[in-house]
There are 2 protein chains.
Amino acid sequence: MAKKIIGIDLGGTSIKLAIVTQQGDIQQKWSIPTNILDGGAHIVPDMIASIKHKIALLNLTTEDFLGIGMGSPGVVNRENGTVTGAYNLGWKETQKIKEPIEKELGLPFFIDNDANVAALGEQWVGAGSNNPDVVFITLGTGVGGGIIADGNLIHGVAGAGGEIGHMTVDFDEPFACTCGKKGCLETVASATGIVNLARRYSERFAGESQLKERIDNAEDVSAKMVMDLAKEGDHLAVIVYEHFAEYLGMACADIAALLNPATIVIGGGVSAAGEFLLTGVQKYFNQHTFPQVRETTKLDLAKLSNDAGVIGAASLVTK
Amino acid sequence: MAKKIIGIDLGGTSIKLAIVTQQGDIQQKWSIPTNILDGGAHIVPDMIASIKHKIALLNLTTEDFLGIGMGSPGVVNRENGTVTGAYNLGWKETQKIKEPIEKELGLPFFIDNDANVAALGEQWVGAGSNNPDVVFITLGTGVGGGIIADGNLIHGVAGAGGEIGHMTVDFDEPFACTCGKKGCLETVASATGIVNLARRYSERFAGESQLKERIDNAEDVSAKMVMDLAKEGDHLAVIVYEHFAEYLGMACADIAALLNPATIVIGGGVSAAGEFLLTGVQKYFNQHTFPQVRETTKLDLAKLSNDAGVIGAASLVTK
C-alpha cells in the first residue's frame, strides 16, 4: 500500500490534522483545540499525542507514513523547523517544532507558513490543477498569499515572498497599514479593508443607501454585509464593491504581468461572495492586462476551502 | 581542459558572440552585423559561418564546447528553438534556429528571449552575485525584464512572465502604451517614457527651466538630457526625475513584496544616469516597502553592460 502523509494546519483556535494520500486526497481528517495557555507550551505535545492516538486507532504504524508537513502562523524557519512571533498561539519566543515531532514520531517533518501552505494545496489539487505556475491570494482579516512559479514555492531571500497584501494599490486617500506603510492591498481588499472603503465612500455619498444608513447610525458593518448589499444593488455598496474590485483586479494584473501564472486563485472568507466577486475583479483585471497575459492567466475561486492547509502541508513532504 | 560555451546575443543591428567559461568569464568576444535583407534569411547562416570560422581560428573543435546558448528578440519557442514576430530582424514568419545550428555545428542549442537572457547574465556574474532570487529591469526604448526566482527563470504559462514594463503604475493622466493599455511602467520609465513625462509636466510648469525652454521651442529632448539637467538642478527636470523615480520605485516595491529578491538590478540605456538614478528610486522604494522587505531586497545598477546577453545566453546551456 502506498505510504500516506500527515498534514497539519496550525491555527489560533484549532489545529486541523489529516491523513493525505500522495495524490492529495484526504483519507481522514480531525481537529483539536489550540491550547494557548502557558505560553503555548501544550500545542506541540497535544499534536504529537493526537497523531499517536489516531495512528493507533486506525491500526497503522509510522511505517505507513512518508512524513509530516505543517503550516504555521508566524515567521517560519524551514531549515531548523522553528516558528518565531506567532503571538496568537501564545508563542513569544522561538518555538521548536521539528525536533520534538521527529523525536517522538520518528517521521521526517517539514514546515512552511500558513499562507504558503494553503497556496500549495490550491495549486496541487484545488483551483490550480497542479499547474507549475499558480498564485494564491487569501482575503481574510488581512490579505495573504503564496506564489508557486515554475513549480517552486517562492520564498525570496528572507522568506518575505508572497506578501501580496502589501503591494501598494491605493493612491486615493490611502489608509495606514499595520505593516507601517500606506495604501497596501490589505487596507482595501481584506474584510477590514472593505469596511475601510465603506466608511471612506460613505462620507462622499449623498444618495439613498441601506449601507450608508447603517454607517451613519453607527451600526455594525461587515465585509459580508457590504457584498450582500452590493449584490442587491445598494448604491453605496456598489461603489465600494467597484473600488474593491478595481484594487484587487489591478494587483492581479501586476502579478500576471510579472509571473503570467496559469491561475490566480482567490480564497479566504471574503471570497465567499463567489462569482459576484470574481466578475468584478475580472473586469478590472482585463482593463489592466495586455492581450497575451489576459488570454492566458485565469482568475478563479479557491476550491478546497478549509482543507487547503492540511493538503498543502502534506505536499511539503513530497515536493 | 574544461569545456567552454558559446553565447549569442542577437540584436537588430549586430549579433554579439562570445566564448564563455562555465564560470561565466568571457574568453573571446566578437560581433558581426545583422543582415536583415531577404527577410532575415542570412542571419542564421551568418552566425553559423562566424562560429565555424572563430573555432577554426582558435585551433579548437566542437569537442571543446558544451553547447550554444542564444538570446533573441521576438516570441521565443524554447522547446522548438524557433522565433516568431522578430520584425526588426526581418523575420516575418516563424524562424527555425535550433535545427540548422545543431545540424551544422553538432552542439546542443538553447534559446530564450533577450531580456530573460540578460537577466540571467546579471544574476549569474553581474550585480546578482549568483543569488537564486534576482529581478532584472532594463530601461531602454521600452522597459523589459527577467525574473529569476528560487534559481529558475520565470516564464509563466505562456512565456509572458517578466513583463515588468507592463505593470500599471501611472494613474495621473496615463499615457497609452503600445501594448494596448494605459499607465504601464514603460510609458513613464523608458527613454521614451521620460520624454513623455517631460512633456506632461512641462505643460503644468510655469517657472524657469532650460528643459521647458527646449520643449517650448520644439527642440529635441532626450531622456539623457532630462537626467543631466536634473543632476544640475533644472527645476522642471527635477520634477520629471522625481516622478520617474517614484513610478519605478513603486514598481520595484511591488516586485519586492511579491518575490523578495536579493537584488533588483536596473540596467539599460537610461541606467547610465547611475547612482543619481538609483538614489531617487531607492527613496520611493523605501516609502513603499515594509521593513522586512526593505532591509533584505537591494536595488543595484547592472554591472555587465553589453556583455549580459552573451553571458546569460551561455548560462542557458548549463542551467
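Here is how names work: the chains are called A, B, and so on, in the same order as the sequence lines, proteins then strands, and each is numbered from 1. Not measured: the values here are computed from a predicted model.
- Residue B:T263 does not touch chain A at all, counting heavy-atom pairs closer than 4.5 Å.
- Heavy-atom distances place no part of B:A253 under 4.5 Å from chain A, backbone and side chain included.
- Residue B:L258 touches chain A through both its backbone and its side chain, counting heavy-atom pairs closer than 4.5 Å.
- B:D150 contributes atom CG, which lies 8.0 Å from atom CG of A:L153 (distance to the nearest 0.5 angstrom).
- Ranked by non-hydrogen atom pairs under 4.5 Å with chain B, the options A:T289, A:T297, A:V75 are led by A:T289.
- Residue with the most contacts toward chain A among B:P291, B:A160, B:G151, B:A262: B:A160 (heavy-atom pairs, distance under 4.5 Å).
- Scanning residues 124-138 of chain B against chain A with a 4.5 Å heavy-atom cutoff picks out B:N131, B:D133, ordered by number.
- At a heavy-atom separation below 4.5 angstrom, chain A is approached by B:G161, B:G162, B:E163, B:I164, B:H166, B:M167, B:T168, B:F171, B:C179, B:K181 within residues 161-186 of chain B.
- Between A:N260 and B:G159 the shortest heavy-atom distance is OD1-N, 3.5 Å.
- Looking at B:L259, the atoms closer than 4.5 Å to chain A (heavy atoms on both sides) sit in the backbone and in the side chain alike.
- Neither the backbone nor the side chain of B:E295 comes within contact range of chain A; no heavy atoms are under 4.5 Å apart.
- Using a 4.5 Å cut-off between heavy atoms, A:A149 touches chain B through backbone and side chain atoms alike.
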